[in-house]
Amino acid sequence: MQFLINIDVDNLERAIDFYRDAFGLHIGRRFGTAGVEMLGGNAPLYLLAKETGTRVAIPLAQTRRYERHWTPVHLDLVVEDVEAAVRRAVAAGAKLEGEIRIQKWGAIAGLSDPFGHGFCLLEFRGRGYDEICL
């Protein structure tokens with residue numbers, strides 16, 4: 001099985017710039033004006049151009065919006081230096097949504113991209129998640 005990550009955005013070129021500058025991703029393939037494949041992580045990331053106000057799914061009345069929103073699924077990106085990764089993401093247009101928090105397993109920073117999607121930057125320290133395994 002292979003996981004693909006899809007992110008709806010209302011401005012494809014702005015999204016390409018953000019994900020390139022924030023995370024060092026690069027364009028793999030373009031799908032006309034509808035989307036682009038970004039490579040450089042361990043799973044491809046697809047930026048999909050979807051207009052604000054369009055329906056999210058046929059059976060749902062909910063429509064797309066790109067101000068900050070909550071979703072039960074978000075990205076966690078593992079980085080080697082969380083402080084440096086936060087600086088790079090913020091410089092690219094992300095918003096830091098609190099202080100970097102130190103945990104037994106490492107450090108975590110919560111941010112959102114310019115399209116309102118939340119994500120976390122994680123820096124594993126010591127044995128990483130094994131520090132909290134039972």
Side-chain angles (χ1 to χ4, degrees):
M1 175 185 304
Q2 179 184 9
F3 288 98
L4 305 177
I5 301 164
N6 296 286
I7 300 177
D8 291 359
V9 298
D10 63 347
N11 183 315
L12 193 56
E13 294 307 313
R14 184 173 164 220
I16 291 167
D17 291 346
F18 174 75
Y19 283 92
R20 180 198 61 223
D21 296 346
F23 308 116
L25 301 180
H26 62 275
I27 294 174
R29 298 176 287 177
R30 283 188 177 264
F31 306 105
T33 59
V36 67
E37 173 185 63
M38 300 294 288
L39 303 174
N42 60 355
L45 187 144
Y46 293 90
L47 301 172
L48 307 175
K50 306 285 184 174
E51 289 184 35
T52 301
T54 56
R55 290 178 78 157
V56 297
I58 292 170
L60 301 176
Q62 185 178 16
T63 59
R64 288 177 179 83
R65 55 188 178 83
Y66 294 104
E67 69 270 0
R68 182 63 171 110
H69 56 274
W70 178 84
T71 176
V73 178
H74 70 272
L75 297 176
D76 283 348
L77 296 100
V78 179
V79 298
E80 292 198 20
D81 180 338
V82 73
E83 290 88 1
V86 164
R87 285 191 300 275
R88 182 174 177 172
V90 168
K95 292 181 182 170
L96 181 61
E97 298 183 331
E99 298 293 320
I100 296 171
R101 298 179 314 274
I102 305 302
Q103 307 291 330
K104 187 173 183 179
W105 51 265
I108 182 170
L111 301 98
S112 61
D113 74 6
F115 310 94
H117 307 302
F119 65 92
C120 294
L121 296 174
L122 309 177
E123 177 187 330
F124 289 127
R125 297 176 181 171
R127 296 181 304 131
Y129 282 154
D130 285 343
E131 296 284 356
I132 58 174
C133 286
L134 304 177

Could you check Leu45 against Ile7 for side chain to side chain contact (heavy atoms under 4.5 Å, CB included), going step by step and ending with a plain yes or no?
CA-CA 7 Å; Leu45 187 144; Ile7 300 177; 3.8 Å; yes
Determine whether the side chains of Thr54 and Arg64 contain a donor N or O and an acceptor N or O closer than 3.5 Å.
yes
Report the C-alpha distance between Leu122 and Val79 in whole Å, list the side-chain angles of each, state the deciding distance to 0.1 Å, and finish with yes or no for side chain to side chain contact (heavy atoms under 4.5 Å, CB included).
CA-CA 6 Å; Leu122 309 177; Val79 298; over 6 Å; no
Path from Val78 to Leu111 over hydrophobic side-chain contacts below 4.5 Å:
no
Identify the heavy atoms of Asp8 and Lys50 that sit nearest to each other, and give their distance.
CG-CG, 3.6 Å
Stepwise side chain to side chain contact (heavy atoms under 4.5 Å, CB included) test for Val90 and Lys95
CA-CA 6 Å; Val90 168; Lys95 292 181 182 170; over 6 Å; no
Look at the side chain of Glu37 and the backbone N and O of Arg29, then say whether any donor-acceptor pair between them is shorter than 3.5 Å.
yes
Which residue pairs pass the ring-ring contact (aromatic ring centres under 6.0 Å, His included) test when at least one of the two sits in residues 59-100, sequence neighbours left out?
His69-His117
Under a 4.5 Å side-chain heavy-atom rule over Ile, Leu, Val, Met, Phe, Trp and Tyr, are Tyr46 and Leu39 clustered together?
no
Same hydrophobic cluster for Phe115 and Ile5, using side-chain heavy-atom links shorter than 4.5 Å among ILVMFWY?
yes
Tell me whether Leu96 shares a hydrophobic cluster with Leu121, the cluster being built from Ile, Leu, Val, Met, Phe, Trp, Tyr side chains joined at under 4.5 Å.
yes
Whether Asp17 and Arg20 form a salt bridge (side-chain N of Lys/Arg under 4.0 Å from carboxylate O of Asp/Glu) is what I want to check.
yes
Which heavy atom of Gly41 sits nearest to which heavy atom of Leu25, and what is that distance?
N-CD2, 3.6 Å
When hydrophobic residues are tied together by side-chain contacts of less than 4.5 Å, even through go-betweens, does Ile27 share a cluster with Tyr19?
yes
Check the surroundings of atom CD in Glu99: do more than 12 heavy atoms from other residues, nucleotides or ligands lie under 6.0 Å from it?
no
So Arg68 and Glu97, salt bridge (charged side-chain N to carboxylate O under 4.0 Å, His left out) or not? Walk me through it.
CA-CA 11 Å; Arg68 182 63 171 110; Glu97 298 183 331; 2.6 Å; yes
For Arg101 and Glu123: C-alpha separation, side-chain torsions, deciding distance, then whether salt bridge (charged side-chain N to carboxylate O under 4.0 Å, His left out) applies.
CA-CA 10 Å; Arg101 298 179 314 274; Glu123 177 187 330; over 6 Å; no
Locate the shortest heavy-atom distance separating Ala22 from Ala89; write the atom from each residue and the value.
CB-CA, 3.9 Å
As an exercise, state the distance from CH2 of Trp105 to CZ of Phe124, rounded to the nearest 0.5 Å.
6.0 Å
Looking only at the aromatic ring of each residue, does the gap between the centers of Phe23 and Phe119 stay below 6.0 angstrom?
yes
For the CG atom of Asp130 and the NZ atom of Lys104, what is their distance to the nearest 0.5 Å?
11.5 Å
Between Ala109 and Ile100, what is the shortest heavy-atom contact and its length?
CB-CG1, 3.9 Å
Check whether any side-chain heavy atom of Ile132 lies under 4.5 Å from a side-chain heavy atom of Gln103, and answer yes or no.
no
Would you mind reporting whether Val82 and Ile108 have side-chain heavy atoms less than 4.5 Å apart?
no
Would Ile16 and Arg30 satisfy side chain to side chain contact (heavy atoms under 4.5 Å, CB included), going step by step from the backbone distance to the final call?
CA-CA 11 Å; Ile16 291 167; Arg30 283 188 177 264; 3.6 Å; yes
